[in-house]
Colleague: 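Once you've had a glance at the structure underneath, I'll fire off some questions.
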Amino acid sequence: MHRNLPLLLLKARDGLMAHFRPILNAFGLTEQQWRVLRALDEHTELEPREICSLCQILSPSMAGVLARMEETGLIQRSRMPADQRRVLVTLAPEGDQLISRMASLIELQYQHIEQVLGAQLVSELVSALAQFIAADNAAVAHVDLSVLSAITGRRHDSKALQ
């Protein structure tokens, strides 16, 4: 029997974020807002759908996140000149300054984590997760759910089971 990998990943994420939440809270940011700021800092400008993908935020939530961040002056949204239906999101000066003010604290927290776990383990974990994410994009076979009807005697809709 395999260990419950999704649950282990959730526990690891929650444990890791517990080290960063106090920093985010001190600057009045949610985890989602911080992920958006980091993505924009790394990529300069992005469309909302790209932010959703990079930050693992569902599209319905993203609209509210971006609206609040624009209201507080952290981001700017503008229409793309070539296609007025599309929007580009960039860091506003306030968002850029906030990242600069937080950077040393975030880096220091990573150093504290590496002091306890070891830089090698953290590096190996980052590498393993990157490989896992890349492999997930490959063609991994899905379990054939048509066998359920033979077992239960009922027809199952595979979409309903996902």
Side-chain angles (χ1 to χ4, degrees), residues 4-115 117 119-142 158-159 162:
N4 189 340
L5 186 57
L7 183 59
L8 289 173
L9 289 170
L10 282 171
K11 286 181 177 184
R13 180 201 177 278
D14 195 52
L16 181 63
M17 284 309 300
H19 298 288
F20 292 98
R21 279 189 199 106
I23 299 170
L24 301 181
N25 291 339
F27 286 90
L29 290 176
T30 66
E31 291 176 38
Q32 289 180 327
Q33 290 171 331
W34 177 242
R35 293 196 309 259
V36 170
L37 289 174
R38 293 279 306 253
L40 290 171
D41 187 48
E42 184 177 330
H43 295 279
T44 309
E45 62 182 19
L46 294 164
E47 292 185 61
R49 64 178 173 74
E50 294 172 312
I51 299 171
C52 288
S53 177
L54 287 169
C55 299
Q56 296 297 292
I57 300 172
L58 297 175
S59 185
S61 298
M62 182 58 70
V65 170
L66 293 179
R68 285 185 294 282
M69 292 180 78
E70 189 173 36
E71 287 171 10
T72 58
L74 297 175
I75 62 152
Q76 298 170 338
R77 292 189 276 188
S78 60
R79 299 268 175 210
M80 292 180 75
D83 185 348
Q84 291 290 302
R85 296 170 296 176
R86 294 171 64 190
V87 173
L88 279 178
V89 182
T90 58
L91 282 175
E94 177 65 28
D96 195 42
Q97 292 168 7
L98 182 60
I99 289 172
S100 295
R101 291 196 320 263
M102 294 176 69
S104 62
L105 295 171
I106 297 292
E107 181 57 32
L108 183 59
Q109 190 60 56
Y110 273 113
Q111 289 173 14
H112 290 325
I113 292 166
E114 286 182 352
Q115 285 174 351
L117 300 178
Q120 170 121 11
L121 177 60
V122 173
S123 178
E124 290 171 358
L125 179 59
V126 168
S127 178
L129 289 171
Q131 289 175 33
F132 184 83
I133 292 165
D136 189 44
N137 291 330
V140 175
H142 288 253
S158 62
K159 287 184 180 179
Q162 293 179 355

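For the numbers below, each heavy atom of this structure counts, side chains included, while hydrogens, waters and symmetry mates do not. Numbering starts at 1 and runs along the sequence shown. Please read all numbers here as calculations on a predicted model, not as lab measurements.
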Colleague: Check L24 against W34 and note the closest heavy-atom contact, atom names and distance.
Modeller: CD2-CG, 3.4 Å
Colleague: Measure from the side-chain N and O atoms of S123 to the backbone N and O of A119, and report whether any donor-acceptor pair falls under 3.5 Å.
Modeller: no
Colleague: CD/Q32 to CG/L66 distance, rounded to the nearest 0.5 angstrom?
Modeller: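 Atom-to-atom, Q32:CD and L66:CG are 10.0 Å apart.
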Colleague: Do V36 and L74 pass the side-chain contact (heavy atoms from CB on, under 4.5 Å) test, and can you show the C-alpha distance, the side-chain angles, and the key distance before you say yes or no?
Modeller: CA-CA 10 Å; V36 170; L74 297 175; over 6 Å; no
Colleague: For a side-chain contact (heavy atoms from CB on, under 4.5 Å) check, start with the C-alpha distance between I106 and R38, then their side-chain angles and the critical distance, and finish with the verdict.
Modeller: CA-CA 11 Å; I106 297 292; R38 293 279 306 253; 4.2 Å; yes
Colleague: Measure the CD-CD distance between Q76 and E45 for me, rounded to the nearest 0.5 Å.
Modeller: 11.5 Å
Colleague: For the pair L37 and F27, evaluate side-chain contact (heavy atoms from CB on, under 4.5 Å) and give the outcome as yes or no after the intermediate values.
Modeller: CA-CA 13 Å; L37 289 174; F27 286 90; over 6 Å; no
Colleague: Taking atom CD of Q109 and atom CD1 of I23, what is their separation to the nearest 0.5 Å?
Modeller: 5.0 Å
Colleague: Decide whether Q115 and Q111 meet the rule of one side-chain donor and one side-chain acceptor closer than 3.5 Å.
Modeller: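 No, Q111 and Q115 have no side-chain donor paired with an acceptor closer than 3.5 Å.
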Colleague: In Å, rounded to the nearest 0.5 Å, how long is the span from CD of Q56 to CZ of R35?
Modeller: 8.0 Å
Colleague: Determine the minimum heavy-atom distance between V89 and L40, stating which atoms define it.
Modeller: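 Residues V89 and L40, closest heavy atoms: O-CD2, 3.3 Å.
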Colleague: Once rounded to the nearest 0.5 Å, what's the spacing between atom CD of E50 and atom CE of M62?
Modeller: 11.0 Å
Colleague: For L129 and L9, what are the C-alpha separation, side-chain angles and deciding distance, and is it a side-chain contact (heavy atoms from CB on, under 4.5 Å)?
Modeller: CA-CA 10 Å; L129 289 171; L9 289 170; 4.0 Å; yes
Colleague: Is there a donor-acceptor pair under 3.5 Å between the side chain of S53 and the backbone N or O of R49?
Modeller: no
Colleague: Roughly how far, to the nearest 0.5 Å, is CD1 of I113 from NE2 of H19?
Modeller: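 Result: 5.0 Å between the selected atoms.
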Colleague: Provide the closest heavy-atom pair for A67 versus R77 in the form atom of the first, atom of the second, distance.
Modeller: CA-NH2, 3.6 Å
Colleague: Does any part of the side chain of D14, heavy atoms only, come nearer than 4.5 Å to the side chain of R21, both counted from C-beta?
Modeller: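 Yes. Closest side-chain heavy atoms under 4.5 Å.
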Colleague: Of all heavy-atom pairs between I75 and E70, which one has the smallest distance, and what is that distance?
Modeller: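 Closest heavy-atom pair between I75 and E70: CG1-N, 3.6 Å.
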Colleague: What's the shortest heavy-atom distance between G28 and Q33, and which atoms?
Modeller: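 Nearest pair, atom of G28 first, then Q33: O-OE1, 3.9 Å.
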Colleague: Heavy atoms only: give me the nearest C55-A39 pair and the separation to one decimal.
Modeller: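 Taking C55 first and A39 second, the nearest heavy atoms are SG-CB, 3.7 Å.
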